[in-house]
Asker: 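Structure incoming, see below.
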There are 2 protein chains.
Amino acid sequence: MYSSELIKGTLKTIVLKLLSDNQKMYGYEITQKVKDLTGDKIQLTEGALYPALHSLEAEGILSTEVVNIGKRVRKYYTLTKKGKTTSEEKVSEFSDFINTMKFLLDIKPQVG
Amino acid sequence: MYSSELIKGTLKTIVLKLLSDNQKMYGYEITQKVKDLTGDKIQLTEGALYPALHSLEAEGILSTEVVNIGKRVRKYYTLTKKGKTTSEEKVSEFSDFINTMKFLLDIKPQVG
DNA sequence: ATTATATGCATAATACTCTTATGTATTATT
DNA sequence: AATAATACATAAGAGTATTATGCATATAAT
């Protein structure tokens, strides 16, 4: 696991990217996907994720659809049109940020 | 400028890296150096920087030396032995984090 | 059968860090 | 003479994450 402060500010970017790849996901699924894809290095907590999802929905970036699975409820999130744009912008901004940080921290690409 | 949440959590890493390269710097100098090196893309604010420096000093990561420049005061910060280790760890952790995020966000190295 | 784990949502108290604003003071520039 | 730059510092407020808690169903393990 990374120190928590490192991951700060990247939560929304991660969520938006996953949703642009997967069209439709629910909260718990997002936490598991991130855990899997990062080999447990990034584990989103519910206390951070759910408020973030709610805020993205309030901003009109995500829309929701509630589905009943047996007696349990699942809330699927989908990117709105605005959300698709936002997702691309966020990823692109982060990509730029990575380059700036690599330069600033003098991080070389590992050879081999 | 990047959106502020993007830069969150990177402040200490940036400061420690600069100090490992420059041996001895003062607060204002750090803000200018970062501004210069990033082409104004990252601008540290005093309200964030000074408390961070104080906290790093309290942790024994930085030591200070106050120098009088005419009638003005400058507070130079230097990495302690512990600080040198911390600096390397932080940069290395961030480097690892970048790789994880590049994979997660499917960011390709730009060719050309 | 019963207990523990996993799935699935949500929020509240707390802590932490950054933004923004303010304060003080010296030095350089217009 | 006024403004900008240099140089420190802190305080109020905002925002976001951590940690803890709560509720409930479903599945796996003992």
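So you know, we letter chains A, B, ... as the sequences are listed, proteins then strands, and number each from 1. Bear in mind that the values here come from a model prediction, so they are computed numbers and not experimental data.
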Asker: Examine D:dA7: is either OP1 or OP2 under 4.0 Å from a nitrogen or oxygen in the side chain of B:Lys71? Give yes or no.
Answerer: no
Asker: Round to a whole Å and report the spacing from CG of A:Asn68 to P of D:dA24.
Answerer: 16 Å
Asker: Could you tell me whether B:Ile7 contacts a base, only the sugar-phosphate backbone, or nothing, with contacts defined as non-hydrogen atoms closer than 4.0 Å?
Answerer: nothing
Asker: In whole angstrom, what separates A:Tyr77's OH from C:dG8's C1'?
Answerer: 11 Å
Asker: What is the distance, rounded to the nearest whole Å, between atom CZ of A:Arg74 and atom P of C:dA6?
Answerer: 17 Å
Asker: Please tell me which of A:Met1 and B:Glu29 maps to the more 5' nucleotide of DNA chain D, matching each residue to the nucleotide holding its nearest heavy atom.
Answerer: B:Glu29
Asker: May I ask you to establish whether A:Lys24 and A:Tyr76 are in a cation-pi arrangement, using a distance under 6.0 Å from NZ or CZ to the six-membered ring centre and at most 45° from the ring axis?
Answerer: yes
Asker: Quick check against the 3.5 Å criterion: does B:Thr80 have a side-chain atom that pairs as donor or acceptor with the backbone of B:Gly60?
Answerer: yes
Asker: Rounded to whole Å, how long is the line connecting atom CD of B:Gln32 with atom C1' of D:dA4?
Answerer: 12 Å
Asker: CD1 of B:Ile14 versus P of C:dT17: gap in Å, rounded?
Answerer: 15 Å
Asker: When you measure from the side chain of B:Thr64 to the backbone of B:Tyr77, do you find a donor-acceptor pair of N or O atoms at a distance under 3.5 Å?
Answerer: no
Asker: With a 4.0 Å cutoff (strictly under), does any side-chain N or O of B:Lys8 reach OP1 or OP2 of C:dT19?
Answerer: no
Asker: B:Gly27 near the nucleic acid: base, sugar-phosphate alone, or nothing, with a heavy-atom cut-off under 4.0 Å?
Answerer: sugar-phosphate
Asker: What residues from residues 49-62 of chain A pass a heavy-atom cutoff of under 4.0 Å to DNA chain C?
Answerer: A:Tyr50, A:Pro51, A:His54
Asker: Can you tell me how far C1' of D:dA9 sits from NZ of B:Lys75, to the nearest Å?
Answerer: 9 Å
Asker: So does B:Thr45 get a side-chain nitrogen or oxygen closer than 4.0 Å to the phosphate oxygens (OP1/OP2) of C:dT19?
Answerer: yes
Asker: Has A:Tyr26 got a side-chain N or O lying under 4.0 Å from the OP1 or OP2 atom of C:dC9?
Answerer: no
Asker: Grab the NZ-C1' distance between B:Lys35 and D:dA7 for me, whole Å please.
Answerer: 16 Å
Asker: Applying side-chain hydrogen bond (donor to acceptor under 3.5 Å, both in side chains) as the test, list every pair that has at least one member in residues 3-22 of chain B; sequence neighbours left out.
Answerer: A:Lys90-B:Glu5, A:Glu93-B:Ser3, B:Lys12-B:Ser55, B:Lys12-B:Glu59, B:Lys17-B:Asp21
Asker: Might you point out which heavy atoms bring B:Phe103 and A:Leu37 nearest each other, and give the distance in Å?
Answerer: CE2-O, 3.2 Å
Asker: Please determine whether any donor N or O and acceptor N or O are separated by less than 3.5 Å between the side chain of B:Glu46 and the base of D:dC8.
Answerer: yes
Asker: Could you tell me how far apart B:Gln43 (CD) and D:dA5 (P) are, to the nearest whole angstrom?
Answerer: 12 Å
